[in-house]
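Quick notes on the structure that follows.
All ligand and atom numbering here is 1-based and tracks the order in the structure.
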Amino acid sequence: MKKRFGLLLAIIVALFMTVVPLSTQHAQAADNSLEKIQKKGVLVMGTSPDYPPYEFQATVNGKSTVVGMDVQIGKKVAKDLGVKLKIKSMSFDSLLVALQTGKIDMIISGMNPTPARRKNVAFTHVYYQGGYDIVINKADKAKYKNKDSFKGGTLGAQTGTTQYNAVKKQTKNTASKGMTSQSDLILALQSHKLDGVAMEKPSAEAYTSNNKNLAAIPSDFDMSSDATSSAIAFRKGSTSLVNKVNKTVDQIKKENLVKKQYLPAAGKYLKTNTVNTSMGHYWQAFATGVEYTLIITVCSVFFGFIIGILLALARTAKGNIFKTALRWVSTAYVEFIRGTPMMVQVMFVYFGLGLFVNLPALTSGIIAISLNSGAYVAEYIRGGINSVNIGQTEAARSLGMSNGATMRYVVLPQALKNIWPSLGNEFITLIKDSSIVSIIGVTELIYQSNIVRSDTYRGVAPIVVIMVLYFILTFTASRILNYFERKMQHD
Ligand code: ARG
């Protein structure tokens, strides 16, 4: 027996050792990345539009749009490949995962081709050379000279960026603070939570020319071990695609297109950007936000409720082995969902399941939140079922009703009435918690407020607006729920 097991193991290991190298060799030999994109006809560019003049939001023809020199580059790349360009916005630190899991085809986001990143993705030639500055409040100009002047203070940088590493590693006695969005960092600087924010020089210049209370100073970071330039990233192994795009990049460099055309074009948007920054001007963005928040909440409550009923029935199942197994699985599910953060679940569905099926962000968000809500609803329903006196079940059974019919006509209706307030709570919680899906780029309220913030360079007003909008939503929901609760009590 032992011998045979050993033999089997040997065969499996041998198979593995031959198949794995074969398959990777195969992937290298048959690199059809270029062909695939051209067949698909669209090139999806991922970017973090909080980095003017590289990429930022501006209102173009009444619509909030991603613009900037990187967008121009993306357009040229797509045109040279003979395909359409589609832009997907996300936080800078999500870009690499999104590329690796196939959510996007390339990254153009002022990204530096560092040795660490090169291990996971393939970079084109460099299209632009930036360098680092530190943005400070103009009032502090006499106080700070470079990265070494911030002793006892706090320097901020965007998480996942090279400047964040520089701030952490190359300063002494200076606290470092990372935030996902560049606009939040600027806001924190203006409200004196930070003393300076490190970023690429052109971006520093864009922020300071847009806001007269800000100033830029040289950083003097030693970047000799890291690249201080920007390049386009593709999935590892897409040699044919990278080679082709390198031709475009080389042409951009040779004709100096960035300085001559792309940067001036971006600059124009920077100015028009600040023309009308009233919140009313952005009502459309907020309306879309409300729409998506409602879509996510209503769908998730619906599916969550169905999942919840099934789970609750499974959890109360008793009898043969099959039912016991069902009970075990559903209990494990509920424990697991309750024991992990919803944010992680959302990312898991979007990026993790995304490896097998390419789910759009909205669908992923609804799936994740429904699965999550189902676990909580199951617990409410289970409590509701237990709250119905066992005598009722016995009475129904002795009248000849089947187990299923008893559950359906006697127990569940009463249980539902008892747990209605808890279910209502769940609904209201979901209106608020659906905001988590903004991290995967679903255009709900939080996401829209971020867009308005980076569009207008105003920090607090959009927050106040969505706070009021969320309250209107939850308050209306709670009124409606109360109405039904009263109605149920009358029956
Ligand atoms: N150069 C930096 C890096 O590669 C930061 C780029 C930030 N880009 C952005 N779109 N926010 O890490």
_Using 0.5 Å steps for rounding, measure from the OH atom of Tyr51 to the OH atom of Tyr207._
9.0 Å

*Could you go step by step and tell me if Asn112 and Thr114 meet the side-chain hydrogen bond (donor to acceptor under 3.5 Å, both in side chains) rule?*
CA-CA 6 Å; Asn112 302 356; Thr114 63; over 6 Å; no

*Assign the ring pair Tyr132 / Phe221 to parallel, tilted or perpendicular, where the plane angle (0 to 90°) is split at 30° and 60°.*
perpendicular

*asked:* Could you check whether Asp93 and Thr159, counting side-chain N and O atoms only, form a donor-acceptor pair closer than 3.5 Å?
replied: yes

Under 3.5 Å donor-acceptor pairs involving side-chain atoms of residues 37-45, not counting sequence neighbours:
{"unit_1": "Gln38", "atom_1": "NE2", "unit_2": "Leu81", "atom_2": "O", "d": "3.1"}
{"unit_1": "Lys40", "atom_1": "NZ", "unit_2": "Asp105", "atom_2": "OD1", "d": "3.3"}
{"unit_1": "Lys40", "atom_1": "NZ", "unit_2": "Asp105", "atom_2": "OD2", "d": "2.9"}

Measure and list all N/O to N/O distances between ligand 1 and the protein that fall under 3.5 angstrom.
{"unit_1": "ligand 1", "atom_1": "1 (N)", "unit_2": "Gly110", "atom_2": "O", "d": "3.1"}
{"unit_1": "ligand 1", "atom_1": "1 (N)", "unit_2": "Asn112", "atom_2": "OD1", "d": "3.0"}
{"unit_1": "ligand 1", "atom_1": "1 (N)", "unit_2": "Asn112", "atom_2": "ND2", "d": "3.3"}
{"unit_1": "ligand 1", "atom_1": "1 (N)", "unit_2": "Glu200", "atom_2": "OE1", "d": "2.8"}
{"unit_1": "ligand 1", "atom_1": "1 (N)", "unit_2": "Glu200", "atom_2": "OE2", "d": "2.7"}
{"unit_1": "ligand 1", "atom_1": "4 (O)", "unit_2": "Asn112", "atom_2": "N", "d": "2.8"}
{"unit_1": "ligand 1", "atom_1": "4 (O)", "unit_2": "Arg117", "atom_2": "NH1", "d": "2.8"}
{"unit_1": "ligand 1", "atom_1": "8 (N)", "unit_2": "Ser109", "atom_2": "O", "d": "2.9"}
{"unit_1": "ligand 1", "atom_1": "10 (N)", "unit_2": "Ser48", "atom_2": "O", "d": "2.9"}
{"unit_1": "ligand 1", "atom_1": "10 (N)", "unit_2": "Glu55", "atom_2": "OE2", "d": "3.0"}
{"unit_1": "ligand 1", "atom_1": "10 (N)", "unit_2": "Ser109", "atom_2": "O", "d": "3.4"}
{"unit_1": "ligand 1", "atom_1": "10 (N)", "unit_2": "Ser109", "atom_2": "OG", "d": "2.9"}
{"unit_1": "ligand 1", "atom_1": "11 (N)", "unit_2": "Asp50", "atom_2": "OD1", "d": "2.9"}
{"unit_1": "ligand 1", "atom_1": "11 (N)", "unit_2": "Gln158", "atom_2": "OE1", "d": "2.8"}
{"unit_1": "ligand 1", "atom_1": "12 (O)", "unit_2": "Arg117", "atom_2": "NH1", "d": "3.4"}
{"unit_1": "ligand 1", "atom_1": "12 (O)", "unit_2": "Arg117", "atom_2": "NH2", "d": "2.8"}
{"unit_1": "ligand 1", "atom_1": "12 (O)", "unit_2": "Thr162", "atom_2": "N", "d": "2.8"}
{"unit_1": "ligand 1", "atom_1": "12 (O)", "unit_2": "Thr162", "atom_2": "OG1", "d": "3.3"}

_Considering all heavy atoms, the nearest Gly196-Ile134 contact_ = CA-CG2, 4.0 Å

